[in-house]
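Report on the following structure.
Quick note: residue numbers are just sequence positions, from 1.
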Amino acid sequence: MRTSRLTVILLAASLALTGCAAGTTADGAAVPGATPGGDAATGDGPDLVVYVGRNEDHVRPLVEAFEESTGLEVDARYGSTGELATTILQEGGTSPADLFFTQDPVYIGAVAAAGLLATLPADVLEMVPAGISGADGDWVGVTARRRVLAYDPAQTPDAQLPASVFELTGEPWRGRVGVSPTHSSFVSFVAAMVAMRGEDETLRWLEGLAANDPQIFDGNEEQLRAIAAGDLDTGLVNHYYVHRLVAEDPAFPVRNHSFAAGDPGDVVMPTTIGALAAGAHPETAVDFVRFLLSEDAQRHFLEEVGEYPLADGVGTPEGERPLDPALIRDMRLPEVAGNLDVATDLIARSGLI
């Protein structure tokens, strides 16, 4: 029998599912997209409370820009996505949070399944491509990360790289693949594979990977640094870590390899945001969501973090494939968001942890 959703999230939090590695910051310039004033101020406490399961360096400049452009006070509480999801589920309708901003879809899916999120306005949902929002319109994507295989071309020639993630269970890749099975980005990736290929095929792949002597890491950046040091050949990570490390050091040798289009290894995972139904500042909460989807805020995520903007026409990370509407449709993201307990169960059963 699978454990309860709250127990699964508590387990994930205990395994130290952490936020993304630190990135560079923007210059804090005001970003359009919010309405000054919002909900009537009470004079007691902040005007908006946001639980942020993302790296503070990625989000803080935009929080400050929102405050500057609106004159409102935002209480942004940072932590890992898994820990904050656990907190919200424990707090229930008494949570002080107005918004939950996550680094992946499965944890906001758990909060949505508990009935704790409000439906977002149609104009907000229409700001992102179809398919990157909750089935009931109770969360929306903000940015996206593509799953890739990181490698050093000097160690692993391009001609040797696999076309499919399923090849990584084969003998040529024994002991050569890094993986972070307790990291929320990997959990979301597994949830996406379940949506695309089903539980049985996903479990067989996880068991095959576990039996192929992978190198286990806590996070994505640790894999990249191991590759750069020559201690690891390849690693399953999100695409933007390489962009950030190369921006910090142009000599950093690691690059991204994309699996064939349509392969379960070639998926995009959105960061997501949803408004708590019991939040005290519903209008300001929606203003903040619109603000994150404004062109300037989306450009911040593209240029300073290396993520895919979801607002139309902002751009694509350098060297990466443009977002494919057909892939987004085939990924069935609303279903992915409901697969937290399934994904966590399969990872545990496979022997990876």
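Looking only at distances, no side-chain donor or acceptor of S133 sits under 3.5 Å from a matching main-chain atom of V140. Side-chain atoms of Q298 come within 3.5 Å of backbone N or O of V142 as a donor-acceptor pair. R244 places no side-chain N or O within donor-acceptor distance of the main-chain N or O of Y240, the cut-off being under 3.5 Å. At distances below 3.5 Å, at least one donor-acceptor pair connects side-chain atoms of D98 with backbone N or O atoms of A280.
With respect to the salt-bridge test (charged N to carboxylate O, under 4.0 angstrom), the residues R321 and D324 do not qualify. Electrostatic pairing of E307 and R146 does not count as a salt bridge here, judged by no charged N lying under 4.0 Å from a carboxylate O. Using a 4.0 Å cut-off between charged nitrogen and carboxylate oxygen, R204 and D200 do not count as a salt-bridge pair. Comment: D231 does not engage R225 in a salt bridge, judged by the lack of any side-chain N to carboxylate O separation of less than 4.0 angstrom. Under the 4.0 Å criterion applied to side-chain N and carboxylate O atoms, R174 and E171 are assigned as salt-bridge partners. In this structure, R299 does not pair ionically with D296, as no charged nitrogen and carboxylate oxygen lie closer than 4.0 Å.
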Take T102 and T81 through the test side-chain hydrogen bond (donor to acceptor under 3.5 Å, both in side chains) and record every step on the way to the result. CA-CA 6 Å; T102 80; T81 291; 5.1 Å; no

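Annotation for I132 and V128: closest pair O-CG2, 3.5 Å, computed over non-hydrogen atoms.
The local environment of CG in D312 is sparse, with at most 12 non-hydrogen atoms from other residues, nucleotides or ligands closer than 6.0 Å.
There is a side-chain donor-acceptor pair under 3.5 Å between D263 and S164.
Both tests do not hold together for R77 against Y51: distance to the six-membered ring centre under 6.0 Å, angle to the ring axis within 45°.
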